[in-house]
Amino acid sequence: MVDRNLIREFNISDEDLDAAFAEVMPTVNEEGEETDWVLDDVYASVSCAYDVNQIIDGVVLSVEGEEVLVDIGFKSEGVVHIDEWSEEEETPKAGDQVQVLLEEVEDEFGLTMLSKRKADRIREWEKVIATHAEGDVVSGTVVRKIKGGLLINIGVNVFLPASQVDIRRPSDIANYIGRTIECVILKIDEARRNIVVSRRKLIEEKREKLKQDLLSKIEENQVVKGVVKNIADFGAFVDLGGIDGLLHITDMSWGRINHPTEIVKIDDEIEVMILSVDREKEKIALGLKQKSPSPWELVESKYPVGTKVIGHVVNVMSYGAFVKLEDGIEGLVHISEMSWTKRINHPSELVNIGDEVEVVVLGVNKDKQEISLGMKQTQSNPWDEVTKKYPEGAKVTGTVRNLTNYGAFIELEEGVDGLLHVSDMSWTRKISHASEVMKKGDDIECLVISVDEERKRIALGLKQLASDPWETDIPEKYQPGAIVQGVVTKITNFGVFVELEEELEGLLHISELADHKVENPEDIVKVGETLDVKILRVDTDDRKIGLSRKLEDSIDEESETAEGGDASAAAPRKELMGGTGGDAPLFAMPIETSDEEESVADEAATEEVTPAVEEATIEEEATIEEEATAEEEATAEEEVAEEEVAEDKTE
C-alpha cells in the first residue's frame with residue numbers, strides 16, 4: 001500500500017511518479033488493449049469499491065499505544081481506538097482479522113476513520129432482526145435504568161417501559177438491574193433501530209392460562225397455597241397462581257386485629273381456605289381463620305349467663321366498652337351496666353383500653369356472636385336496701401341535684417335519688433318551677449312519702465315536715481263573716497285574687513266586687529291595691545277561700561239570694577272559690593282560663609243566677625283541669641327522664 005502524501009514529502013511530482021510506475025506496470029488492460037498507466041487510476045479502482053458507513057473486512061497491521069492500525073485495502077490505513085474491543089475480547093495483535101465500519105475516507109489529516117464498535121452493533125442488530133419478530137419472547141439482562149424505564153441487552157439494547165415491568169408497578173425499577181428477565185417484543189422500528197419489549201404482557205399471558213386452569217378446578221372449602229402480593233387497610237390480596245383472591249381483614253383471625261400487617265406480610269406464602277368463587281366476575285374470597293374451629297361454637301356452655309369472668313378492655317365507645325374474654329370472643333359492657341350509683345357520661349371515666357376488669361355474663365347470642373356483659377353486677381345493688389334505709393315517713397337529708405318544672409331530684413346517696421314534686425313543696429303556695437323554692441347544690445331535709453324498689457323511685461315531701469294549715473290555722477283565723485285586709489295580686493275576667501297573707505290567697509269573684517253588675521274587674525280594682533274583704537266561706541277540703549266586697553250584706557242574706565236563683569243554685573255548695581287544694585300541684589294563682597270557661601263565667605254573671613256559687617264551680621273546674629294537665633305533664637316528663645336510660649341501652 002502506498003501513501004501518496006508520504007511520497008510528496010520527497011518532492012516527487014505526480015508526472016515523475018506516473019512515469020516510474022509506467023516502466024514497471026503493464027500497459028495492457030484486461031481486454032488486451034494498450035493503455036497509458038496513471039497512478040490515480042489505481043487508487044480510484046480501490047477506493048470506489050467502498051462506501052462510507054459500509055462494513056468491510058480488515059487486517060490489524062500494528063497496535064501503537066491506544067490506536068490500532070487496520071489495513072482495509074484502501075490507499076491509506078485506518079485507525080481504530082483500542083477501547084472498542086470489549087473486556088471479553090482478546091487484545092488485538094498484528095495479523096488479526098477484524099470487521100470495521102468505514103466512517104470517513106480521509107479526514108483533515110488524511111486518515112481513514114474506522115469503528116469496530118459500530119460495526120459490531122450493526123451486525124448484532126441485523127442478526128436480531130433476522131431471527132426475531134414482534135410477539136417473540138426474548139431473554140436478556142437488565143443493563144441500566146434510563147428515563148421512563150430500563151435498558152435490556154438481548155444482543156442489542158432494547159427498551160422496557162416502567163409500566164411494562166410488572167403487573168403492579170414496582171416501587172423502584174432499579175432493583176431489576178443485573179437480573180436476567182424474559183420479555184415479549186411489542187414493537188420493532190427498523191428505521192430507528194429501536195425495539196420496545198414488555199415483561200408485563202408476558203406475565204399476563206401466562207397468568208391468564210393459569211387462571212383459566214385454576215378456575216376450572218378450584219372449589220369452595222378447598223385449602224390452597226398462595227403468595228401475599230398486596231396489602232390494604234381492608235385486607236390482603238393473595239396470588240393463587242394466575243388469579244388473586246381477597247383475604248378480608250375479618251377473615252384473618254377470630255380475634256380482633258387493627259391492620260392486616262399484624263397477620264401477613266408481602267411475599268409471605270400462606271395457606272388459605274376458599275370461601276366463595278365467582279367465576280363470572282373472576283373473584284375469589286379467601287379465609288385464614290376458617291382453617292380452625294370458631295370459638296363461638298361452645299360459647300354458651302363456656303360462658304353461661306350469670307358467670308363471672310375476667311377480661312381485658314380492647315375498645316371504648318360512647319355507648320360502652322368491649323371486653324375480650326379470649327381470642328375471638330368479645331362482649332359489650334353497656335354504659336348503663338357499669339355502675340349502680342355513678343352517673344357516667346362516657347365509659348372512659350371508669351375503664352380504658354388494656355384494663356383488666358371483672359364482668360358478669362348477662363346474655364349470649366350465638367347466632368349474632370354477641371355477649372352482653374355487666375360490671376355493676378359484680379357488686380351489690382344499693383337499691384336492694386333502699387326500703388330498709390329509707391322507710392316511708394322517715395326524715396332524710398339530701399342534696400338538690402337537678403331542677404325541673406315538675407320538681408327537684410334530691411340525691412340521698414351516690415346513685416340513689418328521690419323526686420320532690422312541686423305539689424309536695426308547700427301547703428299553700430302555687431309553685432310553677434322547683435327553682436322558685438331551691439337551687440342546685442342546696443342541702444334540704446325531706447320526708448319519705450313512698451318507695452318503689454322495682455321502678456327505682458323514691459317520692460319525697462317537703463311540706464309534710466310541717467302540719468297542714470288548712471286543717472287548723474286557716475279555718476280558725478278566717479271565720480266566715482270576718483272582715484280582713486288583702487292585696488290584689490291578679491285580675492282575671494271572672495274575678496280578683498287577693499293575698500290575705502304570705503302564700504295564702506282568696507278569690508273575690510266578679511259578682512262580689514260591687515252591688516252593681518261589673519263587666520270588667522279592672523274598672524273596680526288594680527293590682528297591688530289593698531282591699532277590705534269579707535270572708536264568705538272557707539273550704540278546707542278543696543283548700544279555697546271565697547271573698548266579697550259587700551261588707552254590709554250578711555252571709556245568710558247572700559245565701560238566700562243565691563238560693564232564690566234557679567234550681568241549679570239550690571244544690572249543695574261542693575265547690576268554693578279561692579285557695580288551693582287537692583292532691584295535684586298547688587296553685588296560688590290559677591293560670592289563664594280557656595275562652596270557653598270565660599264565656600261560661602260571663603253568661604253566669606249576665607243571667608244573675610247564683611253568680612257566686614256558679615262562678616265558683618266554673619273556677620273550680622278550671623282549676624281541676626289545670627291541675628290534671630300539670631299532673632300529666634309532670635308524669636310524662638318523669639317517664640321521659642326514666643326512659644332515657646332504657647333508650648341508651650337499646651342503642
Side-chain angles (χ1 to χ4, degrees), residues 220-224 234-236 246-264 268 270-276 285-342 344 346-384 645-651:
E220 293 183 5
N221 298 322
Q222 281 184 348
V223 176
V224 296
F234 54 85
L246 174 62
L247 175 59
H248 198 271
I249 187 172
T250 57
D251 292 313
M252 290 185 174
S253 171
W254 292 111
R256 177 186 292 267
I257 60 174
N258 297 315
H259 197 271
T261 52
E262 298 176 18
I263 304 295
V264 296
D268 281 356
I270 58 175
E271 274 192 351
V272 290
M273 179 177 286
I274 307 298
L275 301 183
S276 64
L286 307 175
L288 196 59
K289 70 181 184 182
Q290 286 78 4
K291 293 171 58 183
S292 59
S294 170
W296 287 91
E297 292 297 327
L298 304 175
V299 69
E300 292 176 331
S301 59
K302 196 170 183 180
Y303 300 102
V305 175
T307 306
K308 284 187 179 181
V309 292
I310 302 295
H312 292 84
V313 179
V314 293
N315 198 11
V316 178
M317 307 297 291
S318 60
Y319 51 84
F322 288 93
V323 178
K324 184 177 78 171
L325 306 182
E326 63 176 80
D327 285 341
I329 296 184
E330 296 176 5
L332 172 65
V333 181
H334 194 270
I335 189 172
S336 62
E337 302 294 346
M338 290 188 168
S339 174
W340 292 112
T341 58
K342 292 182 180 179
I344 305 169
H346 195 278
S348 59
E349 298 173 12
L350 289 183
V351 296
N352 292 297
I353 293 177
D355 288 354
E356 183 178 88
V357 294
E358 184 180 26
V359 293
V360 173
V361 178
L362 303 181
V364 177
N365 190 326
K366 179 181 174 181
D367 295 333
K368 293 185 177 180
Q369 297 187 353
E370 295 175 349
I371 297 181
S372 298
L373 304 174
M375 290 171 54
K376 68 182 183 182
Q377 286 78 8
T378 60
Q379 305 169 352
S380 60
N381 184 359
W383 278 94
D384 294 339
V645 174
E647 290 176 357
D648 291 338
K649 185 182 293 185
T650 302
E651 291 174 1

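Each residue takes its place number in the sequence, starting with 1.
- For the atom pair CD of Glu337 and OG of Ser372, the computed distance is 8.0 Å after rounding to the nearest 0.5 Å.
- In terms of the side-chain contact (heavy atoms from CB on, under 4.5 Å) criterion, residue partners of Leu332 (sequence neighbours excluded) are, by chain and number, Tyr319, Phe322.
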Donor-acceptor contacts under 3.5 Å from residues 360-370 side chains, at least two apart:
unit_1 : atom_1 : unit_2 : atom_2 : d
Asn365 : OD1    : Asp367 : N      : 3.3
Asn365 : OD1    : Lys368 : N      : 3.1
Lys366 : NZ     : Glu297 : O      : 3.4

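- Distance check, rounded to the nearest 0.5 Å: CD1 of Ile353 to OG of Ser348 gives 10.0 Å.
- Judged as a salt bridge (Lys or Arg N to Asp or Glu O under 4.0 Å), the pairs with a partner in residues 304-331 (not counting sequence neighbours) are, in order, Arg256-Glu330, Lys302-Glu326, Lys324-Asp327.
- Looking only at side-chain heavy atoms (C-beta outward), Val314 and Val323 stay at 4.5 Å or farther from each other.
- The shortest distance between side-chain heavy atoms of Phe234 and Thr250 does not fall below 4.5 Å.
- Taking all atoms of both residues into account, the shortest heavy-atom contact from Ser318 to Pro347 is O-CD, 3.5 Å.
- The closest side-chain heavy-atom distance from Asn221 to Met273 is below 4.5 Å.
- Residues Leu275 and Glu220 are not in side-chain contact: their nearest non-hydrogen atoms beyond the backbone lie 4.5 Å or more apart.
- The side-chain contact (heavy atoms from CB on, under 4.5 Å) test applied to Ile249 returns Ile257, Pro260, not counting sequence neighbours.
- Side-chain contact between Val309 and Val359 is present, with at least one heavy-atom pair separated by less than 4.5 Å.
- Of all non-hydrogen atoms in Gly287 and Gln290, the two that sit nearest each other are CA-OE1, 3.1 Å.
- With sequence neighbours left out, Thr261 forms a side-chain hydrogen bond (donor to acceptor under 3.5 Å, both in side chains) with His259.
- Listed for the Asp251 side chain is no donor-acceptor partner under 3.5 Å among the backbone atoms of His248.
- Distance CD/Glu262 to OG/Ser253: 9.5 Å, rounded to 0.5 Å.
- With a 4.5 Å cut-off on side-chain heavy atoms, Leu286 and Leu246 do not count as touching.
- In this structure, Ile371 and Leu325 have side chains that are in contact, with non-hydrogen atoms separated by less than 4.5 Å.
- Between Met338 atom CE and Gln377 atom CD the span is 11.5 Å, to the nearest 0.5 Å.
- Using a 4.5 Å heavy-atom threshold, the side chains of Leu247 and Ile270 count as touching.
- Residues satisfying the salt bridge (Lys or Arg N to Asp or Glu O under 4.0 Å) criterion with Glu356, sequence neighbours excluded, are absent altogether.
- Taking every heavy atom of both residues into account, Val223 and Glu271 meet most closely at CG1-OE1, 3.9 Å.
- Atom CE of Met375 sits about 14.0 Å away from atom NE2 of His334, to the nearest 0.5 Å.
- Distance CH2/Trp254 to OG/Ser292: 7.0 Å, rounded to 0.5 Å.
- Of all heavy-atom pairs between Asp355 and Asn352, the closest is OD2-N, 2.8 Å.
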#### Entry: CA sep, side-chain torsions, deciding dist, call: Val224, Ile274, side chain to side chain contact (heavy atoms under 4.5 Å, CB included)
CA-CA 8 Å; Val224 296; Ile274 307 298; 3.7 Å; yes
